[in-house]
Structures are given as C-alpha cells and as structure tokens.
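FYI, side chains are in, hydrogens and waters are out, and symmetry mates aren't considered; it's all heavy atoms of this structure. Treat the numbers as computed from the prediction; the structure is a model and nothing was measured.
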Amino acid sequence: MRSLVVRLDSFGDVLLAGPAVRAVAAHSTHVTLLCGPRGADAARLLPGVDEVLVWEAPWEGFDPPPVCPADIDALLGRLRAGAHDSALVLTSFHQSPLPTALLLRLAGIGRIGADSTDHPGRLLDVRHRRLPGRHEAEAALDTAAAMGFTPPPNDDGRLRVLPPPDTGGLTGYGPYVVLHPGASAPARAWSPDRCAEAVALLADAGHRVVVTGGPGERDLTRRVGGDVAVDLGGRTSPRTLAGVLRLADVVISANTGPAHLAAAVGTPVVSLFAPVVPAERWAPYGVPVILLGDQSAPCADTRALTCPVPGHPCLDEVTGQDVVRAVHKLIQERPS
C-alpha cells in the first residue's frame, strides 16, 4: 500500500509527527510525506519516509502565499502521480484538516483520515476526535491508529530521527551543555541578556557551553556566547545540529524546533516555555524535561507571536541561576 502523510507546518511540528509516520510505514510499502518549506528539513530526518513532497499551503504559516490555481493544479498532478491508496492528514489542535482533505479528494486518493472538529461531509473517510489533554505527538498517533495504522510492537512511540553524524569536530570533545537562544516567534524567546547570563553562570559552574543558532542568528549567538562558549551560530545543518544535541548532557531551549530535535535524539531539555500555547501539548516529548516559565501568565493560550504583556514576564522572570539549577538536576538524574 502506498500511503501519504500530510503535515504542513514547521520543523518541530513535523518532528512531532514522526511516531505517527513510523506507524503508517509499518503498514505501507511506500510513504510520502507532504510538508511545507519550513518542515522539509525535518521531514528528511524522519525514519519511515521514502519521499518528501514540499508545498507551501495558502492556509499555513506566518505569511502564507496567495491562492494560485496553477500552483494547486501542479500539486494535484504530483499527488495523482503518486497513486496513493490512503492519506493521513495531521494538524495541530487549532487547525482544520479540511482544505487539505479537499485537495486530496480532488487528487483521487481513495481513503482519507484526519482529526477534525468541523463536520467533514464527504472529505474524510475516517474522522477522528482527539482526546482532551493529549500531547501533539500522541494525538497524531491516535489519529493514525484510527486509520488502522497501529505502531509496531517494538516502537516506543518516542520522537526519533535518522542517525546523525559525528560532530566532535564542531563541539570539541568532552561533556557540554547546549543553549539555543533563538525561537520561531518573539513571544517564545528568552531575552538575549538572560541567555548570556545563563551561559556565564554555567561556565562559572564548570560546564562547557555550546551555543547554537541558524544562519540568521549569528549576531544573537555571538552576543549570548561571549568569550566563554563555543559559538555554532550558522554552522550547523539540521543533521549536524541533531549530532550536536545528541551528545549534549542537557539542551536549554525555548519552545521551538531544536527543543523537539533534542527530544528526538534522547537528550534531556530545560524548556523555557512561554504559555502562549499549552505545555501539555507542546513540551519536549519522551525525554526528561524541566519546564521553566510562568504557565499561568496573562498571555496563556493566546497563540501570540509577539508578547502582549510588557516586559515579557512569563519568561524573563526566569533567571540564569534557575537554569543552572535545572541543568544540574537533569544531569544528576540522567542514567549513567
């Protein structure tokens, strides 16, 4: 059976779909993952994916493209060429899968399933309704199971990526902790000054610190790392970042893609979690986590991209010393 899995969001969202993708792969001869441009690098890291199709949907992302009939026709052609027998559409709790389901129906896919609050009419063959309080990774697995895609018996349901390369040449050898100061939205980011404070205190406590960031975050990582950290800003691909995170004792990160990548390689996370989305659904999954940040702050559940509260108190009241204590606790509790 040829199966299609759709997850049109960002890097971290696609990683959270990984356990569901593996469940689909266990029942399929070929799995195609349809994702957006921001999730493509994560899609290529997932076990069980045979082919990645990239398409930017006009209903996803911070700055979606206009609706273009020619673009949609081209996508339909690619989907028809895939001759998929079934499709699993994965979305976040606040998104509708029905625009995607309509296109899949037009592409001739015979069996389509999704988690849908809205009445789907004839767009879905399997309409799942998620249980309250489920993490996004668990909700995706539940939806896959409703389609008949149950995980294989030896699959623990945790996040996973393909084996990363050796990154000792980037980090140097010996134990270290990683601090990732960037975030996909300003409302989710710890301030650069707080990040720099944490780096200095971790170094004073005897830790080697590695600071990571994307190509557009070099100024940020240079500022945060100062003279005491290894600055890898702009120096890692998604695969090499996975290697850097895998060998870290602990990763310190906001609620953003690298936090989920750390979970996918089995590394504990100090999660600086702004409550603009609920932690029960979006915290790093399947690894030891210490959650820092006021989860009852006024911004809770607003899905705000920019903090609506002056001073960003939900995160910036967290101190560098709070992070050091959390790092020590996770290291002490980590199995040898």
Side-chain angles (χ1 to χ4, degrees), residues 1-10 13-40 42-61 64 67 71-130 134 136-152 155 157:
M1 179 168 65
R2 295 177 62 85
S3 298
L4 177 74
V5 180
V6 184
R7 192 65 167 99
L8 293 172
D9 293 287
S10 64
D13 299 310
V14 172
L15 289 179
L16 291 173
V21 169
R22 298 197 306 270
V24 173
H27 300 266
S28 305
T29 57
H30 186 279
V31 175
T32 299
L33 181 55
L34 173 63
C35 63
R38 295 181 301 138
R44 297 184 181 103
L45 294 176
L46 293 183
V49 174
D50 298 297
E51 180 183 10
V52 176
L53 291 182
V54 181
W55 181 66
E56 190 170 15
W59 55 85
E60 297 291 350
V67 176
D71 182 47
I72 291 174
D73 286 345
L75 173 67
L76 293 177
R78 294 164 73 189
L79 292 173
R80 290 184 185 113
H84 305 104
D85 301 293
S86 65
L88 171 65
V89 183
L90 299 176
T91 55
S92 300
F93 71 100
H94 62 280
Q95 297 168 324
S96 172
L98 299 186
T100 300
L102 175 60
L103 296 185
L104 301 183
R105 192 64 85 203
L106 291 171
I109 296 176
R111 189 167 181 264
I112 303 168
D115 173 12
S116 182
T117 300
D118 300 319
H119 179 62
R122 294 186 180 273
L123 298 182
L124 296 179
D125 301 290
V126 176
R127 179 196 185 186
H128 177 69
R129 300 196 190 197
R130 72 169 62 198
R134 297 290 272 172
E136 292 294 312
E138 296 168 340
L141 263 177
D142 292 345
T143 309
M147 287 276 291
F149 297 123
T150 52
D155 195 314

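Arg129 and Asp115 are not joined by a salt bridge, as no carboxylate oxygen comes within less than 4.0 angstrom of a charged side-chain nitrogen. Electrostatic pairing of Glu136 and Arg130 counts as a salt bridge here, judged by a charged N lying under 4.0 Å from a carboxylate O. Note on Arg22 versus Asp155: salt bridge recorded, some NZ/NE/NH1/NH2 to OD/OE distance being below 4.0 Å.
What you find for Ala114 and Thr143 is that their closest heavy atoms are C-CG2, 3.7 Å. Here the shortest heavy-atom pairing between Val31 and Gly48 reads CB-O, 3.4 Å. The two atoms that bring Leu90 and Ala20 nearest to each other are CD1-CB, 4.1 Å, heavy atoms only. Closest approach of Pro120 and Leu98 over heavy atoms only: CB-CD2, 3.8 Å. Between Phe149 and Ser3, the closest heavy-atom pair is CZ-OG, 3.9 Å. Taking both residues in full, the closest heavy atoms of Leu141 and Pro19 are given as CD2-O, 3.6 Å, listed atom of the first, atom of the second, then distance.
Between Glu56 and Arg38 the shortest side-chain heavy-atom distance does not fall below 4.5 Å. At a threshold of 4.5 Å between non-hydrogen side-chain atoms, the residues Ile72 and Leu103 count as touching. At least one side-chain heavy atom of His27 sits less than 4.5 Å from a side-chain heavy atom of Thr150. Side-chain contact between Leu8 and Trp59: present, with at least one pair of heavy atoms (C-beta onward) separated by less than 4.5 Å. Considering only heavy atoms from C-beta on, Cys35 stays 4.5 Å or farther from Leu53 through its side chain.
With respect to Val6, the side-chain contact (heavy atoms from CB on, under 4.5 Å) criterion is satisfied by exactly one of Leu34, Leu79, Leu88: Leu34.
Judged purely by atom type and a 3.5 angstrom limit, Ser116 uses its side chain to pair as donor or acceptor with the backbone of Asp118. A distance-only check finds a donor-acceptor pair linking the side chain of Arg105 to the backbone of Arg122 [under 3.5 Å]. Between the side chain of Asp85 and the backbone N or O of Met1, no donor-acceptor pair lies under 3.5 Å. One N or O on the side chain of Asp13 and one on the backbone of Ser10 form a donor-acceptor pair closer than 3.5 Å. Remark: side-chain polar atoms of Asp50 are not paired, donor with acceptor, to backbone N or O of Thr32 under 3.5 angstrom. No donor-acceptor pair closer than 3.5 Å links the side chain of Arg78 to the backbone N or O of Trp55. The backbone N or O of Gly82 sits less than 3.5 Å from a side-chain atom of Arg2, completing a donor-acceptor pair.
Between Leu46 atom CG and Arg7 atom CZ the span is 11.5 Å, to the nearest 0.5 Å. The OG1 atom of Thr117 sits 7.5 Å away from atom CZ of Arg127, with the distance rounded to the nearest 0.5 Å. Note: Leu124 CG to Ile112 CD1 = 7.0 Å, rounded to the nearest 0.5 Å.
By the side-chain hydrogen bond (donor to acceptor under 3.5 Å, both in side chains) test, Asp73 pairs with no residue at all, sequence neighbours left out.
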key: Residues Arg111, Val126; criterion side-chain contact (heavy atoms from CB on, under 4.5 Å); working and verdict   = CA-CA 8 Å; Arg111 189 167 181 264; Val126 176; 3.6 Å; yes

ask   = Given the rule in the side-chain contact (heavy atoms from CB on, under 4.5 Å) test, do Ser92 and Asp9 qualify, once you have shown the distances and angles that lead to the verdict?
value = CA-CA 9 Å; Ser92 300; Asp9 293 287; 4.3 Å; yes

request  = Test Glu51 against Leu33 for side-chain contact (heavy atoms from CB on, under 4.5 Å), laying out the working first.
outcome  = CA-CA 6 Å; Glu51 180 183 10; Leu33 181 55; over 6 Å; no

request  = Test side-chain contact (heavy atoms from CB on, under 4.5 Å) on Val54 and Arg44 and set out the steps.
outcome  = CA-CA 11 Å; Val54 181; Arg44 297 184 181 103; 3.9 Å; yes

